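Scroll down for the structure; my scribbles are underneath it.
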Amino acid sequence: ATKLKKEQENLLKQQWELENLEEERKQMEEHRRKKELGRFLKHQCDVQLRRRAQQVQEELETDRQILSALLEKEEQDQSWQSARRGRAVADVAWMKKVIEEQLQLEKEREAELETIFREEAKKMWEKREEEWEREKVARDRLMSEVLAGRQRQIQEKMELNRRAQKESIKYREQLIKELEEAKEGTRREKEQEEEQQRAHRRELQAQV
């Protein structure tokens, strides 16, 4: 009975560990998904996409510097007629203004890039996530079958253990009953023996 009880405790422990394993898999998967999503989005937005935005700003800054130099040269050039020089200066100044506005716009866009590209990256991630999810469903199905098989084994062993304990109790009760009967038989035999001895003593006394 002690051995069976210990075995049952061990089976309960195995069942508890199996349930913990299943829960641990779920938590690990959820943690991995959140971590990878965060890392993917951060990498895409902060490195790849921001790099391109800065490149565009550098190109605009180069153009602005070129126009500034041209504007300065036009303003210093005294060889052209006043009207023509004024028109050229105006054209360069206008273009410089356009470039500066574009540069400012790009800086504003850069501030918005993180949100915008996070949405694009999210779409890409969701597409990949669908593929991962299909693979995970298949993998989880196989894992569930394995874990369910193990769970069934534990349940079957526990049922066998319960039956064995029941049989053990029944057998113990039978042994106790037989022991009581043996004690009762021994007691009766002893009483009979004592009665025979008393009768024998009485007979001897009568003969004396």
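In this chain, residues are counted from 1 in sequence order. Keep in mind it's a predicted model, so treat the numbers as computed, not measured.
- Residues Trp94 and Leu103 share a single hydrophobic cluster, defined by chaining ILVMFWY side chains whose heavy atoms lie under 4.5 Å apart.
- When the side chains of ILVMFWY residues are joined at heavy-atom separations under 4.5 Å, either directly or via intervening members, Ile169 and Leu4 end up in two distinct hydrophobic clusters.
- To the nearest 0.5 Å, atom CE of residue Met158 and atom CG of residue Asn161 are 7.5 Å apart.
- Here OG1 of Thr2 is found 9.5 Å from CD of Gln165. Values are rounded to the nearest 0.5 Å.
- Taking a cutoff of 4.0 Å between a charged side-chain nitrogen and a carboxylate oxygen, Lys97 and Glu100 do not qualify as a salt bridge.
- To the nearest 0.5 Å, the span separating CG on Leu11 from CD on Gln153 amounts to 11.0 Å.
- Evaluation of the side chain to side chain contact (heavy atoms under 4.5 Å, CB included) rule for Thr62 yields Ile66 as partners, not counting sequence neighbours.
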Practice problem: Using the side chain to side chain contact (heavy atoms under 4.5 Å, CB included) rule, take Arg172 and Leu175 through it: C-alpha gap first, then chi angles, then the decisive distance, then the call. | Solution: CA-CA 5 Å; Arg172 182 173 56 189; Leu175 287 176; 5.5 Å; no
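- Expressed to the nearest 0.5 Å, how far CG of Leu179 lies from CD of Gln174 amounts to 11.5 Å.
- Side-chain contact between Lys157 and Gln8 is absent, with no heavy atoms from C-beta onward closer than 4.5 Å.
- For Arg202, the salt bridge (charged side-chain N to carboxylate O under 4.0 Å, His left out) partners two or more places apart in sequence, or in a different chain, are Glu195.
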Quiz item: Going through the checks in order, is the side-chain hydrogen bond (donor to acceptor under 3.5 Å, both in side chains) test met by Gln196 and Gln192?
Solution: CA-CA 6 Å; Gln196 288 175 359; Gln192 290 175 1; 5.5 Å; no
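- Using a 4.5 Å heavy-atom threshold, the side chains of Gln155 and Glu159 count as separate.
- Ionic pairing of Arg152 and Glu156 is not present here: no N-O contact between side-chain nitrogen and carboxylate oxygen is shorter than 4.0 angstrom.
- Contact of the Glu193 side chain with the Glu189 side chain is not registered, since no non-hydrogen atoms from C-beta on lie closer than 4.5 Å.
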Practice problem: Might you work through the salt bridge (Lys or Arg N to Asp or Glu O under 4.0 Å) test for Arg188 and Glu184, ending with a clear yes or no? | Solution: CA-CA 6 Å; Arg188 285 197 299 268; Glu184 181 63 22; 3.5 Å; yes
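- Ion pairing between Glu9 and Lys6 fails under the 4.0 Å rule for side-chain N and carboxylate O.
- Follow the hydrophobic side-chain contacts under 4.5 Å out from Leu60 and you never reach Leu105; the two are in separate clusters.
- A salt bridge does not link Lys177 to Glu173: none of the charged side-chain nitrogens sits closer than 4.0 Å to a carboxylate oxygen.
- Annotation: the span from Ser68 atom OG to Glu61 atom CD amounts to 8.0 Å, rounded to 0.5 Å.
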